[in-house]
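This report concerns only the one structure given below.
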Amino acid sequence: MTEKTPRLRAALEAVPTYKPGKPAAADGPVAYKLSSNENPYPPLPGVLESAVAAAGSFNRYPDMACTGLMAELAEHFGVPLTHLATGTGSVGVAQQLVQATAGPGDEVVYAWRSFEAYPIITQVSGATPVQVPLTEGDVHDLDAMLAAITDRTRLIFVCNPNNPTGTVVRRAELEAFLDRVPSDVLVVLDEAYREFIRDEAVPDGIDLYRDRPNVCVLRTFSKAYGLAGLRVGFAVAHEPVAAALRKTAVPFGVSQVAQDAAVASLRSEKALGERVDALVAERTRVAAALAGQGWTVPESQANFVWLRLGELALDFAAACERAGVVVRPFPGEGVRVTIGETEANDLFLRAAEEFRKEL
Ligand SMILES: Cc1ncc(COP(=O)(O)O)c(C=O)c1O
């Protein structure tokens, strides 16, 4: 008789595997990782000290309610404590949002291509993903997303700026969209890259959520704040959504090291601003250089750029790797390249130029 294996949920069979950005090789010519939209800078002033001090007590569980961090966030963003929830990175909070709203038979709508965790967390909950293609210009097609809403729709992600294209949805169109989404469907504005936006027509989700009980804003300490490895993100939402997030959280999910580092990061606003400005200046330089080389690059408001290379995506990524930078290819679609340190960006631009000459 053959041994039976434990019965797993059938929904898991269709779940795609999350592909992390490839690391830079420890030896050989590859030196820079531009594949995960990480921040190239070391921790902000005071952050490492706070983290190290907290590490001395890691025989204890962290403060489960994240009291200090929640208080700091409430003050920083001018929102009530009851409207906040933290989690293990904003992807952790996104997963809690799907768990709280959608199960088998329910639908989760999002643009595609967008953040690759959306299909995974949707299907882990047993819900059905509804992917709405981006427009020709790689922007969210909000009219098509509205048309995709059915009576089974429970949650809609709007990734602004969109990963991996860097494109944005502006105030007028987003407000018109929100006005038309049924009030019992949760709209999640995923603003993981918010700090890199310089286009003033892009709204701050925290302004939009205030008088819209079905809007939730997701933010993270992983990108501009440079705490990707510590796993801390948060949501701003009205009750009962924020309360549902506190219920679905993994107990003690955010370590004390992460909590204290996040508080210290919020108190380092000036240094944060300088670093983000420097990365934005590099983004402008990289985008202009690519345009000068003849590439068509959608305008990015994030810390990465997108090249729609189609079938050439893998070849291009291999050429970059030979030149010393690891980028993120999406086979058959394009390549996403994080804005990193100046030397890394220069190596990437040189590789792009060489590749272009060979076309
Ligand atoms: C759009 C978007 N949202 C959320 C995340 C999750 O980031 P984290 O879980 O590190 O906060 C990412 C990370 O790449 C992202 O690109």
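Start at 1 and go down the list; that is how both ligands and their atoms are numbered.
Contacts classified as salt bridge (Lys or Arg N to Asp or Glu O under 4.0 Å) and involving residues 59-80 (residues at least two apart or in different chains) are given here: E72-R267. Applying the salt bridge (Lys or Arg N to Asp or Glu O under 4.0 Å) rule to pairs touching residues 282-296 yields E282-R285, R285-D346, sequence neighbours excluded. For residues 329-338, the pairs satisfying salt bridge (Lys or Arg N to Asp or Glu O under 4.0 Å) are R113-E333, with sequence neighbours left out.
The aromatic ring centres of F177 and H140 sit 6.0 Å or more apart. Taking the six-membered ring for Trp and the full ring otherwise, the centers of F77 and Y209 sit at least 6.0 Å from each other.
Ordered by chain and residue number, the residues placing a heavy atom less than 4.0 Å from ligand 1 are G89, S90, V91, F115, C159, N163, D190, A192, Y193, T220, S222, K223, R231.
One finds a salt bridge joining D277 and R198 here, because a Lys/Arg side-chain nitrogen approaches an Asp/Glu carboxylate oxygen to under 4.0 Å.
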